[in-house]
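Shown next, in structure tokens, is the structure this report addresses.
So that the names make sense, note that chain A is the first sequence line, chain B the second, and so on, each numbered from 1.
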Amino acid sequence: MLVQNLSYFIEEGFRSLRHNRFMSVVAIVTIGFALMIFGAFLIVYSNVQQITDGWIREVEVTAYLREGISDDAADEIKKRLWENREIASVVYVSREQALQRFTSEHADAAYLLEGLTENPLPASFEIGLSREARNREAVERLVAKLGKLPELEGVQYGEEWTKSLLTFLKILRMLGFILGGLLGVAIIFIIANTVRLTVYARRDELAVMRLIGATNWFIKGPFLTEGLLQGLAGALLSVGLLLGMYHFWLPKLQASAGIFFLQNVPLSFLSVEMLLWIMAAGMLMGFFGSLMSVGRFLRV
Amino acid sequence: MLVQNLSYFIEEGFRSLRHNRFMSVVAIVTIGFALMIFGAFLIVYSNVQQITDGWIREVEVTAYLREGISDDAADEIKKRLWENREIASVVYVSREQALQRFTSEHADAAYLLEGLTENPLPASFEIGLSREARNREAVERLVAKLGKLPELEGVQYGEEWTKSLLTFLKILRMLGFILGGLLGVAIIFIIANTVRLTVYARRDELAVMRLIGATNWFIKGPFLTEGLLQGLAGALLSVGLLLGMYHFWLPKLQASAGIFFLQNVPLSFLSVEMLLWIMAAGMLMGFFGSLMSVGRFLRV
Amino acid sequence: MIRMSNIQKRYGPDFRALKGISLHIRRGEFVFVTGPSGAGKTTLLKMIYCEQKADEGEILVNGRNLSRLRRGSIPYLRRNIGVVFQDFKLIHSKSVFDNIVFALRVIGTPRGDMKRRAWDVLRRVGLQHKINSYPLCLSGGEQQRVAIARAVVNDPAILIADEPTGNLDAAVADEIMGLLEEIHVRGTTVVVATHNMGIVRRMKKRVIRLEDGRCVSDTNAPDAFELDEGEITLVKPSVG
Amino acid sequence: MIRMSNIQKRYGPDFRALKGISLHIRRGEFVFVTGPSGAGKTTLLKMIYCEQKADEGEILVNGRNLSRLRRGSIPYLRRNIGVVFQDFKLIHSKSVFDNIVFALRVIGTPRGDMKRRAWDVLRRVGLQHKINSYPLCLSGGEQQRVAIARAVVNDPAILIADEPTGNLDAAVADEIMGLLEEIHVRGTTVVVATHNMGIVRRMKKRVIRLEDGRCVSDTNAPDAFELDEGEITLVKPSVG
Ligand SMILES: Nc1ncnc2c1ncn2[C@@H]1O[C@H](COP(=O)(O)OP(=O)(O)OP(=O)(O)O)[C@@H](O)[C@H]1O
Ligand SMILES: Nc1ncnc2c1ncn2[C@@H]1O[C@H](COP(=O)(O)OP(=O)(O)OP(=O)(O)O)[C@@H](O)[C@H]1O
Ligand SMILES: [Mg+2]
Ligand SMILES: [Mg+2]
């Protein structure tokens, strides 16, 4: 009995999709485009993330020691630093090493140091960040923590531009979050509403079914499978659109160097996991869009 | 006669919106959310643009002269540079001036230069960019052009980070363009399709009207005003949502410092012009969505 | 007014609803079309107002050859034809008044006139008290009368009524037939498809009988039908 | 089987469609409901299968008090009641076969049975050749017969038919009434609302007459109606 009903729901969902072709196509295209937007957003977001993460990975924190701290004391501090989870590596650079490095790095300017009587460079720790700490917040947190150590004179991370970049990336990330959140909400509404309209277009039939003595869940069944199928078809369409654009349109766009000379920037596609999530989301939204809508027309 | 019809179309459009309340609300909410996405995207895009434009404005190009070029010859070159539209200001910095600047800027490292027998610094032009050239492409074009001049030894724009930033911004801009384009297309489809579904739900009435002897344009009239009104209402809803979020939700989000410590980043809203464009777009899409759809059901 | 010659109508590849119908209905005539369920009455009427096109044969309505009519001209043909559809085809989202008025609006009646005429015709079918109701809030018979009112409101040259009394009691049906008769007297060509042999007999008009897509009889003598339908009936003039 | 006591039904604040109806229809009875257009026949029938709720009064159907029925139980009530709606209410997106089958599916008929019974009932109403058509591709009378087939296919305890012959010619109408009679003989309680006095007279059953929302007569003597409706008719038993 349950099996018979279930197979009826599925059969009937497919039949209805086929029968109401215009409506199905319109709904599926709408859902497809809505999910495509979301997918495109995810692609952009994850690519920006990837690019900036690469940069962040290069960020290195340098902590300068106060004058007059012995190498032994420095060793002590190093051990303490090591206890921080954010820190993956600590290299001690003594004053002498710093001077050596300077002369070798600036060989052409070696004469600048020729007349020196005293070594002007401080000793320092070069701190490498652990994988988890390679993000803006963690870096800033670490820097703030290090700033409180009395043995350290100053903490510097990367060059000046890193700071600007980190701020910018923070903004970008926040904006991405906001945009993504809005997108998510909007797309849920769009898909659910589209399915609602398809149900609305057949409100008369719903009433008839109820008058014949069908229970609500028996009436809902096929509409739910139909909503689910519409959502799935829309999701497939969106993935198809994204894949198509990624493979055929993007290379052409990148090749038209006149506008964006970005031939060499590799943009990655969504992961299979993400794609599966999109499908699942489409199906769920279709399903719940139907669910919320059908009940409305069963008040007879 | 025409006036009578027009007033009938408008009256009837409003009446129909009111009569089919469920459908109107669903359609308007869908359109509203679709346009909201676009509006939110525009806000994000224009803010990112604004932030990065501030940085770009600080970009200064420095062109180093080859050794052995006299001050007079430099003057000649300066005049030629001046002819470039991209260049708003050129300041000649002689070798002596460069040395002076170095010593004053690095007062604490003055001893570095104490033993010097010869001035190691080259002469240079500090080039300010004109307003139109303050963008990534123009800067790169200018740099490439300058690089071809034999009198110049090297051209440097800003510091190292500027290059990374410019590349990144280019990518970001391209991605923004792609995303924006996709969004635009998708939203046109979504809105038009939503309006189509509302027309589909009343396909029977369209057929009846035609059987009574109404001409196609007479039947379409009220549906077109209705589509237009739905689009307009959706656009107003989207603007309302955006304004609401901008004024009430964003400050709270920024205040919840735990996640994003961005209290001090001022995000600007859409310009009035943009808002008007959104309204116009909503109305147009509603109108054309109706137009494309109604005809389909007038084949009797 | 309406002339058909050898009309054939196919629905799908192997079903013929009309199998060679030829007839001529003159201006100002009053004609009944009868026949069993599925005989093709509605299909025949649909030909006249161009809801269906003939596959073969020619139809002339009001001098126009319908097979040569451009799609854009169909509305102008229909404005001269009032139709009472078998399934009423009222616009559910419009009130009774707006349904009637719509038919007037279509032909560009001035605003003031519209109201008066709508009232007038609703009074004629006995529905002035339902003027602001919506079709789905009316009884079957009331809906049918609205459909009739809408068909006659703009004084069409041809009136087509498909089973216009199927949901009406005998008394109201007689009134409606009286209304049609009156319109007929004013010069309108009237074609009524019906199963109600009582009415057909009483009206004493020309009767075209279809069976299985063919015209099996076409006569002005109502007596010819006295013995059909498996029922013997003695007809007296209407008392109401 | 059906017992109403002092039923009042309001549509809107100042329109009463039923003004105190009390009646009792026993199990296995066959009852006609007649009355002029707008008298409240359909409204009365809608009470029985709970499409409309009474504002006052009580209805008992099959022992259940409908005013106390939970919304969730309504479907189970309706499964015992076959209804031929005045406007047919066929599901336009389903074929004739699927429309019939749907009524069987609702009550959980096994798959094999469904097909057989659908065929059977369609043959009874003379539509086996239209089994794969869609309702909008049928003539009015054919649609009506599908509606009848759907109502009787699952052998309901109560059969309600609202104007079931409005679109049928006399011969088919008689066949349909024969079908109803047969179902009645098998034990079903049958309630038929109709304007067709010819049929009412011929069937010789109990007749309830409504006028303006009131029950004006309730009798088993068909002779009482011989002089109404402005038409005198001599009735003979059906020949077909
Ligand atoms: N759109 C259609 N598609 C396919 N077949 C159709 C269509 N319309 C009508 N038919 C078939 O054509 C035949 C004639 O239909 P028509 O509606 O003309 O009958 P009718 O004489 O009006 O019958 P009734 O008295 O029952 O209304 C019927 O068998 C019907 O099933
Ligand atoms: N849903 C509704 N809302 C408001 N009024 C209604 C509604 N349904 C019916 N009515 C009114 O109630 C009255 C009785 O309607 P009902 O359908 O019961 O009549 P009926 O006897 O079936 O008539 P007919 O023979 O024409 O079908 C009518 O005047 C009708 O306009
Ligand atoms: Mg017909
Ligand atoms: Mg009724």
In this structure, is the centre-to-centre distance between the rings of B/Phe297 and A/Phe22 below 6.0 Å?
yes
Among the options A/Leu241, A/Val25, A/Val44, pick out the one with the most heavy-atom pairs lying under 4.5 Å from chain B.
A/Val44
Which heavy atom in A/Ile178 sits nearest to a heavy atom in B/Trp249, and how many Å separate them?
CG2-CZ3, 3.8 Å
Structural part of B/Leu175 lying under 4.5 Å from a heavy atom of chain A:
both
What residues of residues 186-195 of chain A make heavy-atom contacts with chain B at a cutoff under 4.5 angstrom?
A/Ala186, A/Ile187, A/Phe189, A/Ile190, A/Asn193, A/Thr194
Contacting moiety of A/Met23, where chain B heavy atoms sit under 4.5 Å
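Contact with chain B: backbone and side chain both.
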Run the numbers on B/Met245 and A/Leu182 for side-chain contact (heavy atoms from CB on, under 4.5 Å), then give the verdict.
CA-CA 10 Å; B/Met245 287 189 296; A/Leu182 290 185; 3.2 Å; yes
Mark yes when over 12 heavy atoms from residues, nucleotides or ligands other than A/Met274 sit less than 6.0 Å from its CE; otherwise mark no.
no
With side chains defined as the heavy atoms from C-beta onward, is the minimum distance between A/Leu172 and B/Leu172 less than 4.5 Å?
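Of all side-chain heavy-atom pairs linking B/Leu172 with A/Leu172, at least one is under 4.5 Å.
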How far apart are the C-alpha atoms of A/Asn20 and B/Tyr200, what are their side-chain angles, what is the distance that settles it, and do they pass the side-chain contact (heavy atoms from CB on, under 4.5 Å) test?
CA-CA 10 Å; A/Asn20 304 292; B/Tyr200 179 76; 3.6 Å; yes
